[in-house]
Visitor: 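The structure under discussion is supplied below as structure tokens; questions concerning it will follow.
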2 protein chains.
Amino acid sequence: MLTNRQLQILQAIVDDFVMSAQPVGSRQLSKKEGITYSAATIRNEMADLEELGYLEKTHTSSGRVPSEKGYRFYVDHLLKPQVISTGEVAQIHSLFEKQIVEAEQIIKESANILSELTTYTTILLGPDVQKHRVKKFQIVPLTEETAVAIIVTDNGHVENRTLTLPSGFSPHDIEKMVNILNDRLVGVPLYDLPIKLQTEALSVLKSHINASESIVRSLLSITSQQNESKVYYGGKSNMLNQPEFHDLAKMRMLMDLFDKENQVQTLFNQGNHGIQIRIGSENNHLAMENCSVITASFLVGEEQQGAIAIIGPTRMDYRRVVTLLDVMTNSLSQAFFDKKH
Amino acid sequence: MLTNRQLQILQAIVDDFVMSAQPVGSRQLSKKEGITYSAATIRNEMADLEELGYLEKTHTSSGRVPSEKGYRFYVDHLLKPQVISTGEVAQIHSLFEKQIVEAEQIIKESANILSELTTYTTILLGPDVQKHRVKKFQIVPLTEETAVAIIVTDNGHVENRTLTLPSGFSPHDIEKMVNILNDRLVGVPLYDLPIKLQTEALSVLKSHINASESIVRSLLSITSQQNESKVYYGGKSNMLNQPEFHDLAKMRMLMDLFDKENQVQTLFNQGNHGIQIRIGSENNHLAMENCSVITASFLVGEEQQGAIAIIGPTRMDYRRVVTLLDVMTNSLSQAFFDKKH
DNA sequence: TATTAGCACTCCTCTTAATCGAGTGCTAAC
DNA sequence: GTTAGCACTCGATTAAGAGGAGTGCTAATA
């Protein structure tokens with residue numbers, strides 16, 4: 001168990017290093033407000049904290065830097081919510097004041113504001129489309145051979161795909177088909193659609209309409225392709241400003257990661273609600289070795305609706321980010337709640 | 001007018017610098033294949049070319065580097081198509097062999113392949129949605145107060161937006177409204193929709209349905225918001241590998257530019273067909289001072305369908321990029337042509 | 001007259017050495 | 001238990017010097 005003084009020193013080191021990005025030394029620390037011990041005392045405590053694994057040195061005669069374990073302890077035990085300036089809170093709230101708001105628009109702007117306020121990179125995972133339920137099918141013919149299939153979900157999301165009609169497929173056939181689909185499949189959640197299409201609709205379609213299989217196949221691909229929810233970024237280039245990423249190789253790995261949407265998904269620990277923090281190697285990703293990710297999900301009622309991740313260096317301002325994220329997720333949950341009811 | 005020998009030397013310098021990124025010296029050049037003059041002769045010619053503005057020195061005793069004017073001349077007069085390896089051509093063609101192809105999918109993958117083959121950054125501007133014509137309107141009610149408005153265009157593109165219904169707006173009202181819209185506005189190009197909505201539809205709607213204005217306003221915002229076509233990127237982080245962007249400040253400016261979709265649009269010189277090259281300051285953008293942009297548009301029949309831009313350092317392999325871009329635009333034009341007919 | 005060899009000079013780049021300073025660990029005194 | 005003092009470490013910064021690729025100019029050459 002750490003003594004009070006050790007806690008205080010650990011906290012001071014993390015707080016200082018978060019701001020300065022420089023290893024913090026005993027003498028420097030002893031001059032800080034609230035620290036009443038001498039540099040020598042602090043040196044002794046630092047040596048102990050290092051032995052316990054909370055601190056590291058970059059070289060033999062450098063100051064101390066928090067280790068991953070140190071950050072973890074800080075985050076778990078020393079993190080106190082920060083008071084955010086009213087101006088910044090207002091900036092977030094202003095997003096939601098406009099009346100006619102498109103979900104996608106809100107999400108994009110949220111990502112931008114968060115990255116601006118934090119100076120880190122924001123990744124916003126939109127509401128999971130897979131959980132929406134089919135509200136309506138629609139097939140609109142374009143030419144003799146092509147048409148657009150449209151699925152509208154209960155949350156107002158629209159998926160669509162152009163498809164090739166089998167030759168001889170008439171507008172009348174299309175109408176019949178749409179009717180059958182709507183009769184049988186309204187209310188089915190998208191993740192269930194592939195199975196239900198086959199079990200509930202396929203045989204009926206086959207018996208009433210010629211060559212309907214190829215269209216069903218196209219419909220299947222709408223949902224299967226769409227199994228990733230949409231990802232929005234804010235402040236991708238903010239990382240370039242962090243001194244730990246002056247190393248171009250690291251930077252490149254990170255940028256490449258951001259470009260691979262499916263890999264980005266793994267950064268979110270889905271299923272967990274509330275705010276989650278993963279530090280450095282806890283992310284299990286080489287490019288994220290020097291990064292921490294703070295994720296939070298926002299909800300509507302019982303359903304999970306989406307998640308925000310803020311990515312910064314391990315030396316990130318956890319206090320501030322956690323608080324901002326809290327404000328933002330509350331606002332988002334509320335906004336989507338209003339939309340729904 | 002430049003002598004043959006001057007042309008040859010200018011060409012050799014550009015070709016060499018494009019590969020090495022190092023200023024090229026007279027002695028080094030004299031050893032090159034095809035160069036029969038001595039280093040001293042080359043020095044004299046270089047001095048002349050510099051005086052004419054085609055070459056520059058980085059410092060008094062360095063080798064020569066092409067100036068913007070030098071690149072411009074090279075591009076205008078010395079650029080000969082390069083033979084691309086059959087493997088690479090095959091890689092491009094393979095994209096278009098898969099049968100079921102979604103326009104968006106093709107475009108995304110094209111951007112990726114191009115950036116991979118060129119090692120530069122690719123920006124792909126999708127077909128200009130504004131020129132599509134309305135094929136069908138649809139309004140799908142979600143709850144008592146909300147609905148989704150959908151516009152399908154003749155090219156199979158789907159735009160949608162959730163909207164709030166005026167209180168007391170019945171399903172019957174919706175149906176009437178959709179009928180009126182489809183009667184009056186099918187065939188109207190999207191860019192014309194705002195005007196036509198007001199002139200053709202608004203008065204009829206008003207006289208038949210109560211409180212329909214607010215919905216019309218929402219419809220308007222679908223198209224007005226969508227006035228930028230969609231932008232797809234490939235290999236954003238490739239620029240990090242270019243030695244001229246080891247400077248983080250420059251890199252940051254570039255990344256920020258990429259993130260601003262509306263600014264990116266200005267990089268395309270719209271209206272011009274064929275391949276266009278803009279070198280360094282010709283782009284009129286601070287972040288692009290050290291970059292060249294090669295743009296090409298691909299067509300379907302008479303209509304412009306989209307454009308590709310490849311962004312690299314001014315010291316870019318123009319020869320290779322131009323050829324690759326040619327292969328790609330031809331393939332794209334053909335692919336979209338097939339889709340349409 | 002056009003070309004080329006020779007040479008002094010420039011200036012970037014890479015090494016090596018020296019200095020500085022913030023920080024540490026340890027010992028001894030308080 | 002705390003703190004002052006001191007020798008030591010090591011990264012960062014600066015300075016000086018060597019090396020090398022390149023240039024411009026002059027004079028010799030074909």
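A, B, ... follow the sequence lines: proteins, then strands. Residue 1 opens every chain. All heavy atoms count here, side chains included; hydrogens, waters and symmetry mates do not. What you see is a predicted model; the values in this text were computed from it and never measured.
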Visitor: Enumerate all atom pairs, one protein N or O and one N or O from nucleotides 4-11 of chain C, separated by less than 3.5 Å.
Guide:
unit_1	atom_1	unit_2	atom_2	d
C/dT4	OP2	B/Ser38	N	3.1
C/dT4	OP2	B/Ser38	OG	3.4
C/dT4	OP2	B/Thr41	OG1	2.4
C/dT4	O5'	B/Ser38	OG	3.4
C/dG6	O6	B/Arg43	NH2	3.2
C/dT10	O3'	B/Thr60	OG1	3.2
C/dT10	O2	B/Ser61	OG	2.6
C/dC11	OP1	B/Thr60	OG1	2.8
C/dC11	O5'	B/Thr60	OG1	3.2
C/dC11	O4'	B/Ser61	OG	3.1

Visitor: Over how many whole Å does the gap from A/Glu51 atom CD to C/dT24 atom P extend?
Guide: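 So the two atoms are 16 Å apart, to the nearest Å.
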Visitor: Is it the case that atom CZ in A/Arg27 sees more than 12 heavy atoms from other parts of the structure closer than 6.0 Å?
Guide: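 Atom CZ in A/Arg27 is not crowded, with 12 or fewer foreign heavy atoms closer than 6.0 Å.
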Visitor: Nearest whole Å is fine: how far is D/dG1 C1' from A/Glu45 CD?
Guide: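 Value for this atom pair: 11 Å.
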Visitor: Between B/Ile42 (CD1) and C/dT3 (P), how many Å, whole number?
Guide: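 Whole-Å distance recorded here is 12 Å.
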Visitor: Would you say B/Ser115's side chain and B/Thr122's backbone share a donor-acceptor pair under 3.5 angstrom?
Guide: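 It does not hold such a pair.
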Visitor: Quick one: B/Leu55 CG to D/dG22 C1', roughly how many Å, whole number?
Guide: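 Going from B/Leu55 (CG) to D/dG22 (C1'), I get 14 Å.
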Visitor: Are more than 12 heavy atoms, taken from residues, nucleotides or ligands other than B/Asn4, located less than 6.0 Å from that residue's CG atom?
Guide: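 No, CG of B/Asn4 has 12 or fewer neighbouring heavy atoms, counting only those of other groups under 6.0 Å.
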Visitor: Going by atom types only, do A/Glu282 and A/Tyr71 share a side-chain donor-acceptor pair under 3.5 Å?
Guide: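 Result is no, nothing qualifies.
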Visitor: May I ask you to evaluate whether B/Lys57 reaches the phosphate of D/dG24, defined as a side-chain N or O under 4.0 Å from OP1 or OP2?
Guide: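 Indeed, a polar side-chain atom of B/Lys57 lies that close.
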Visitor: Consider side-chain contact (heavy atoms from CB on, under 4.5 Å). Of B/Asp16, B/Leu55, B/Ile42, which one does B/Arg64 pass it with?
Guide: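 Only one of B/Asp16, B/Leu55, B/Ile42 forms a side-chain contact (heavy atoms from CB on, under 4.5 Å) with B/Arg64, namely B/Leu55.
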Visitor: May I have the distance from B/Leu49 (atom CG) to D/dG22 (atom P), rounded to whole angstrom?
Guide: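 After rounding, the reported distance stands at 17 Å.
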Visitor: What residues from residues 14-33 of chain A pass a heavy-atom cutoff of under 4.0 Å to DNA chain C?
Guide: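 DNA chain C contact set from residues 14-33 of chain A: A/Gly25, A/Ser26, A/Gln28.
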Visitor: May I have the distance from A/Ile9 (atom CD1) to D/dT2 (atom C1'), rounded to whole angstrom?
Guide: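 For the pair A/Ile9 CD1 and D/dT2 C1', the rounded distance is 12 Å.
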Visitor: Quickly, which of B/Ile294, B/Thr295, B/Val293 forms a side-chain contact (heavy atoms from CB on, under 4.5 Å) with B/Ile277? Name it, please.
Guide: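 With B/Ile277 as partner, side-chain contact (heavy atoms from CB on, under 4.5 Å) holds for just one option, B/Ile294.
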Visitor: Parallel, tilted or perpendicular for B/Phe73 and B/Tyr54, by the 30°/60° rule?
Guide: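 Because their plane-to-plane angle is over 60°, the rings of B/Phe73 and B/Tyr54 count as perpendicular.
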Visitor: Hey, does the side chain of B/Ser62 reach the backbone of B/Thr58 with a donor-acceptor pair shorter than 3.5 angstrom?
Guide: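 Checked: pair present.
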